[in-house]
Structures are given as C-alpha cells and as structure tokens.
Amino acid sequence: QVQLVESGGGLVQAGGSLRLSCAASGRTFSSYVMGWFRQAPGKEREFVAAISWSGESTIYANSVKGRFTISRDNAKNTVFLQMNSLKPEDTAVYYCAAKVRGSYTSSSSYDYTYWGQGTQVTVSS
C-alpha cells in the first residue's frame, strides 16, 4: 500500500506562487506515475499534471500549461507542483495521486490507485 500526504496549500493573491509537495510512503515510489488533480466546489475533479516514473516526461492540462511545473525527487519519495501566476480560477482542493501501472499520458482519475487527502489552495483577487 501507498500513503500520500500533500502539503503547501494556502491563501495567495492572484499572480502569486505556491509550491505543493506530496510525500509518499509504503511502496517503491520510483515505480509509480505521479499526478496532480484538483476539485473546486460543485465541479468535477480535473486533471492538472502528471510525471513519468523516471521524471523524464511530463504532461499538463491546457489551463495550467506554462504556469505550473510538476517534478519529482525519487530519492526523497516526493513529488512537487510549482504553481506560478496563479489565478482565482485555480482555487480548489489539490490532490496528488499515484498509479501502479499505466502511461503518464493518461489523464483519467480512474487510472490512479492511491490518493492523498488534499490540500486547499485559495487564490484571491
């Protein structure tokens, strides 16, 4: 089993930056594709970004491309989401997730096996 714990959320003004972290334990972290999702009140959970097991390949939702960067440090069992130029529409609970099998290019939440508890990101205007 894998346990995922997010941190780094908070309140930030529009145009500001936050870095989210997700610490993993319980399994071999480097074996998994890692992703970030978000969910705003009244909306479906949506894909944000994903990174391959090696960290060599990444994919982003069009809404965050150029502003967000996903990275991982397998030695520290941690995945990050650097969020720059934040907008009010980025306000949501952000979740990290892991998939045991599958391609990093798959953006479906159904492909991910393990989920963190979520961390709130609020962007004020």
Side-chain angles (χ1 to χ4, degrees):
Q1 300 295 310
V2 173
Q3 294 80 48
L4 305 174
V5 180
E6 303 98 331
S7 62
L11 175 65
V12 65
Q13 294 183 348
S17 299
L18 284 173
R19 189 177 80 154
L20 306 183
S21 299
C22 177
S25 63
R27 274 285 187 176
T28 303
F29 176 75
S30 61
S31 298
Y32 304 128
V33 170
M34 298 296 297
W36 286 95
F37 293 77
R38 66 187 183 185
Q39 187 166 22
K43 294 186 177 181
E44 299 284 340
R45 186 181 302 171
E46 66 175 345
F47 171 79
V48 176
I51 187 167
S52 64
W53 65 268
S54 67
E56 296 293 330
S57 301
T58 58
I59 188 171
Y60 298 91
N62 289 334
S63 59
V64 306
K65 193 174 300 181
R67 299 188 298 120
F68 291 10
T69 302
I70 187 172
S71 62
R72 67 191 297 164
D73 187 338
N74 288 343
K76 298 180 179 179
N77 291 344
T78 305
V79 63
F80 305 95
L81 185 69
Q82 178 67 47
M83 305 185 295
N84 298 326
S85 302
L86 283 162
K87 305 174 181 179
E89 50 263 44
D90 294 320
T91 296
V93 176
Y94 283 70
Y95 301 89
C96 71
K99 66 169 75 176
V100 178
R101 297 179 180 179
S103 173
Y104 74 97
T105 61
S106 176
S107 61
S108 173
S109 63
Y110 297 108
D111 293 336
Y112 287 80
T113 304
Y114 303 105
W115 294 83
Q117 83 288 347
T119 184
Q120 177 70 49
V121 172
T122 302
V123 184
S124 64
S125 60

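If you're wondering where the values come from, they're calculated on a predicted model, not measured in any experiment.
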Taking every heavy atom of Y114 against every heavy atom of L4, the minimum-distance pair comes out as O-CD1, 3.5 Å

Tell me, do Y32 and I51 make a side-chain contact under 4.5 Å, heavy atoms counted?
no

When you measure from the side chain of N74 to the backbone N and O of W53, does any donor-acceptor pair fall under 3.5 Å?
yes

Quick one: ring-ring contact (aromatic ring centres under 6.0 Å, His included) partners of Y112, sequence neighbours excluded?
F37

Closest approach of L81 and A49, non-hydrogen atoms and distance?
CD1-CB, 4.4 Å

Nearest-0.5 Å distance that lies between atom CG in N77 and atom CE in M34
9.5 Å

Is it the case that the side chain of Q82 and the backbone of R19 share a donor-acceptor pair, with hydrogens and angles ignored and the cut-off at 3.5 Å?
no

Could you report the tightest heavy-atom contact between A92 and A40, atom names first, then the distance?
CB-N, 3.9 Å

Is the closest side-chain heavy-atom distance between D90 and M83 below 4.5 Å?
no

S103 OG to D111 CG distance, which is reported to the nearest 0.5 Å:
9.5 Å

Count I, L, V, M, F, W, Y as connected when their side-chain heavy atoms are under 4.5 Å apart, and connections chain through other members. Are V79 and Y60 then in the same cluster?
yes

CG on L86 to OG on S125, rounded to 0.5 Å:
13.0 Å

Tell me whether V48 is reachable from V12 by hopping between hydrophobic residues (I, L, V, M, F, W, Y) whose side-chain heavy atoms are closer than 4.5 Å.
yes

Roughly how far apart are R45 CZ and S108 OG, rounded to 0.5 Å?
10.5 Å

Partners of T113 by side chain to side chain donor-acceptor pair (under 3.5 Å), sequence neighbours excluded?
none

Is any side-chain heavy atom of E89 closer than 4.5 Å to a side-chain heavy atom of S63?
no

Min side-chain heavy-atom separation L11-S124 under 4.5 Å
yes

Determine the minimum heavy-atom distance between N84 and S17, stating which atoms define it.
OD1-OG, 2.9 Å

State which residues pass side-chain contact (heavy atoms from CB on, under 4.5 Å) with T91; sequence neighbours excluded, sorted by chain then number.
Q120, T122, V123

Donor-acceptor pair, side chain of R72 and main chain of S52, under 3.5 angstrom
yes

What's the spacing between W36 CH2 and C22 SG if we round to 0.5 Å?
5.0 Å

Is there a continuous path of hydrophobic side-chain contacts, each under 4.5 Å between heavy atoms, that joins V2 to F80?
no

Scan Q39, Q117, R38 and name whichever one has a side chain to side chain contact (heavy atoms under 4.5 Å, CB included) with Y95.
Q39

For S85 and R67, the nearest pair of non-hydrogen atoms, with its separation, is O-NH1, 3.0 Å

Of all the heavy-atom pairs spanning E6 and T119, show the shortest one and how long it is.
CB-CG2, 3.9 Å

